[in-house]
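Below is one structure, written out as structure tokens; comments come after it.
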Amino acid sequence: MKIAVLGGDGFVGWPTALHLSEQGHDVHIVDNLSRRWIDTELGVQSLTPMDSIQERTRIWHHETGRRIHFHLLDIARDYDLLKAWLSEHQPDAIVHFAEQRAAPYSMKSDRHKNYTVNNNVNGTHNLLNAIVETGVDAHLVHLGTMGVYGYSTVGAAIPEGYLPVGIETMEGDVVQQDILYPANPGSIYHMTKCLDQLLFQFYAKNDGVRITDLHQGIVWGTHTKQTRRHEQLINRFDYDGDYGTVLNRFLIQAAIGYPLTVHGTGGQTRAFIHIQDSVRCVELALKNAPERGEKVKIFNQMTETHRVRDLAKLVAKLTDAEIAYLPNPRKEAAENELVVQNNKFLELGLDPITLENGLLDEVVEVARKYAYRVDRSRIPAVSAWTREIEPTLNRDPEGKKLKSAS
Ligand code: NAD
Ligand code: USQ
């Protein structure tokens, strides 16, 4: 298949592009490299040294003889170029990773809120609009989030996208319907993914666009089979307070002797998936496209759930790290249960990599190798969800006054 990987220079997009290329697909990365600019804005860099996208694809060609093409394009702003690109390249499938994906970044300021909404919602809408306008019959696979559901459980497992409900008619009968599970976003970023869901629902119904939405949990790990092949194929690894996600942050903090930064009591339960499983799920989704006219296919792309403090304890036991319980910068439930259905991918053959598979050690090893690249001052999470929370974030876990504190 000819596959466009939008956002293919990113943390999940890059290993996905390699995986699909190795399987013999003709892979085209479309990316505006905004994530690299955001690194510059924040004064941070990936823990792992990342080469330019052109250099990465050159190494891939050198290693495998396969070509991955790169196209510099902003899908949120360059609508006409996107339309022309689709018309010219006629992909069979489009994997859409190209969004601003950090919840803390999306809550940093009013400007960051606007940027995240404009980038994510316009990007997704431009793409759907251009697919219809050009008549390209591509299967669209979008990377969504478990966060569209919120994380609380009412004593029932979260279904895969749709909730079967009975609605009482005026005659007193009950009709059954599958509705989108009520959206309950916890940040501006997560809200954009809820809006994406409505755009998908409309375009599938109105124009018969074939869409799969993957409600993914927190991705951990760094290497996949293909990124291990060469030092310069290495994946990006975010550790800073905005883009670093919880388990990867704990692993790098452990590697450099920094106290593990648990927000609040650490009673938050979240869904997780290893990066290797994430790329495999995209492959499975591509192989199981919906028919034209079918409603949006939704999968929960996660393999296990964990409480944040349990993860901290696990990493502390593995590495002798200390744990710091910090004021929570976010407005979120201090404690929640989370039970999630994920049968669809398991039925398609996903064999989950769990925390017990020993890959935690591998991440700590990578973190130790590149520890010299870490700027400790960028570790604290300082993006507050509300004005009231901001003054509480005044000290870092090592007791130093934070720059943002008055
Ligand atoms: P990332 O920030 O590393 O990669 C996103 C890529 O998209 C970047 O290379 C960026 O330059 C590009 N991009 C952003 N806006 C663009 C635009 N307007 N035009 C073209 N390119 C654009 O993020 P990631 O961690 O790889 O996540 C990829 C997707 O998966 C996101 O949509 C995210 O919401 C979703 N997801 C990620 C995780 C996770 O833990 N990383 C979990 C669940 C879902
Ligand atoms: N947390 C800590 N300490 C830290 C970092 C985070 O306790 O140092 C806590 C947070 O307060 C939160 C939980 O860990 O309760 C998860 O935070 P996170 O930053 O790991 O994940 P999140 O903000 O939810 O976002 C990430 C990705 C996003 C994706 C989402 C999937 O950045 O793109 O959509 O995971 S999910 O969480 O399932 O919605």
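All figures in this text were calculated on a predicted structure; none of them were measured in a lab. Counting starts at 1 for both ligands and their atoms, following the listed order.
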Checklist entry - What atoms in ligand 1 come closer than 4.0 Å to a heavy atom of L143? => result 29 (C), 30 (O), 32 (O), 35 (C)
Checklist outcome for this item: for atom 39 (C) of ligand 1, nearest protein heavy atom and its distance come out as V219 CG2, 3.6 Å
Checklist entry - So is G147 polar-close to ligand 2, meaning N/O to N/O under 3.5 Å? => result yes
Next on the checklist: Is there a polar contact between ligand 1 and G144, counting only N or O atoms under 3.5 Å apart?
Outcome noted: no
Checklist entry - Is the closest heavy-atom distance from W220 to ligand 1 below 4.0 Å? => result no
Item to check | Numbering as shown, the atoms of ligand 1 that approach K193 to under 4.0 Å (heavy-atom distance) | outcome: 31 (C), 32 (O), 33 (C), 34 (O)
Checklist entry - Does at least one non-hydrogen atom of T145 fall below 4.0 angstrom from an atom of ligand 1? => result no
Checklist entry - For residues Y105 and E41, is any side-chain donor paired with an opposing acceptor at under 3.5 Å? => result yes
Item to check | Residue, atom name and distance, where the atom is the protein heavy atom closest to atom 3 (O) of ligand 1 | outcome: F11 N, 2.9 Å
Item to check | G266 heavy atom under 4.0 Å from ligand 2 | outcome: no
Checklist outcome for this item: Counting from 1 in the order shown, the ligand 1 atoms closer than 4.0 Å to a non-hydrogen atom of L73 are 19 (N), 20 (C)
Next on the checklist: Considering V246, N248, N328 one by one, which has a heavy atom nearer to atom 20 (O) of ligand 2 than any of the others?
Outcome noted: V246
Next on the checklist: Given D31, T192, L127, T124, identify the one with the heavy atom nearest to atom 11 (O) of ligand 1.
Outcome noted: D31
Item to check | Close aromatic pair by centroid cut-off 6.0 Å: H89 and H71 | outcome: yes
Next on the checklist: As a check for students: among D9, N32, L214, identify the option with a heavy atom nearest to atom 17 (C) of ligand 1.
Outcome noted: N32
Checklist outcome for this item: atom 26 (O) of ligand 1 sits nearest the protein heavy atom V12 N, 2.8 Å
Checklist entry - Closest non-hydrogen protein atom to atom 35 (O) of ligand 2, residue and atom name please, with distance? => result I218 CG1, 3.3 Å
Next on the checklist: I'd like to know whether ligand 1 has G123 as a neighbour, heavy-atom separation below 4.0 Å.
Outcome noted: no
Item to check | Protein contact of atom 19 (N) of ligand 1 - nearest heavy atom, named by residue and atom, plus distance | outcome: I75 N, 3.0 Å
Checklist entry - Between M302 and ligand 2, which residue portion shows a heavy-atom distance shorter than 4.0 Å: side chain, backbone, both, or neither? => result neither
Checklist entry - Has ligand 1 got any nitrogen or oxygen that is less than 3.5 angstrom from a nitrogen or oxygen of T245? => result no
Checklist entry - Nearest protein heavy-atom contact for atom 5 (C) of ligand 1: which residue, which atom, what distance? => result F97 O, 3.7 Å
Checklist entry - Between E390, R330, K108, which is the residue that forms a side chain to side chain donor-acceptor pair (under 3.5 Å) with S383? => result K108
Checklist entry - In terms of atom number and element, which parts of ligand 2 are under 4.0 angstrom from non-hydrogen atoms of Y151? => result 24 (O), 36 (S), 37 (O), 39 (O)
Checklist entry - Less than 4.0 Å between a side-chain N and a carboxylate O, is that true for K369 and E365? => result no
Checklist entry - Below 4.0 Å from any atom of ligand 1, is there a heavy atom belonging to I38? => result no
Checklist entry - Can K193 be said to touch ligand 2, with heavy atoms closer than 4.0 Å? => result no
Item to check | Per atom 10 (C) of ligand 2, closest listed option by heavy atom (Q253, H263, R249) | outcome: H263
Next on the checklist: Please determine whether any non-hydrogen atom of H142 lies less than 4.0 Å from an atom of ligand 1.
Outcome noted: no
Item to check | Proximal ligand 1 atoms for A76, defined as those under 4.0 Å from one of its heavy atoms | outcome: 18 (N)
Item to check | Nearest option to atom 19 (O) of ligand 2, as decided by whichever heavy atom of R330, Q268, H215 sits closest | outcome: R330
Checklist entry - Hey, is ligand 2 close enough to Y189 that some N/O pair sits below 3.5 Å? => result yes
Checklist entry - Less than 3.5 Å between some nitrogen or oxygen of V30 and one of ligand 1, yes or no? => result no
Item to check | Close approach, G217 and ligand 1, non-hydrogen under 4.0 angstrom | outcome: yes
Next on the checklist: Going by the closest heavy atom to atom 24 (P) of ligand 1, which one wins out of R101, R35, M146, M302?
Outcome noted: R101
Checklist entry - In terms of residue, atom name and distance, what is the protein heavy atom nearest to atom 14 (C) of ligand 1? => result S34 OG, 3.3 Å
Item to check | Which of the ligand 2 atoms, numbered from 1, are nearer than 4.0 Å to a heavy atom of A103 | outcome: 23 (O)
Item to check | Nearest protein heavy atom with distance in Å, relative to atom 15 (N) of ligand 1 | outcome: N119 ND2, 3.1 Å
Checklist entry - With respect to atom 36 (N) of ligand 1, which of R236, Q216, R36, Q301 exhibits the smallest heavy-atom separation? => result Q216
Checklist entry - Any luck finding a side-chain donor-acceptor pair between H112 and S109 under 3.5 Å? => result yes
Item to check | Proximity of E332 to ligand 2 by residue part, where a heavy atom lies under 4.0 Å | outcome: side chain
Checklist entry - Which atoms of ligand 1 sit under 4.0 Å from any heavy atom of D74? => result 17 (C), 18 (N), 19 (N)
Item to check | Location of contacts on F97 toward ligand 2, heavy atoms closer than 4.0 Å | outcome: neither
Item to check | Pair K193 + D213: basic N to acidic O under 4.0 Å | outcome: no
Checklist entry - Which protein non-hydrogen atom lies closest to atom 26 (C) of ligand 2, naming both residue and atom, and how far is it? => result T245 CG2, 3.8 Å
Item to check | Side-chain heavy-atom pair V246, F272 within 4.5 angstrom cut-off | outcome: yes
Checklist entry - What is the closest protein heavy atom to atom 34 (O) of ligand 1, and at what distance does it sit? => result Y189 OH, 2.6 Å
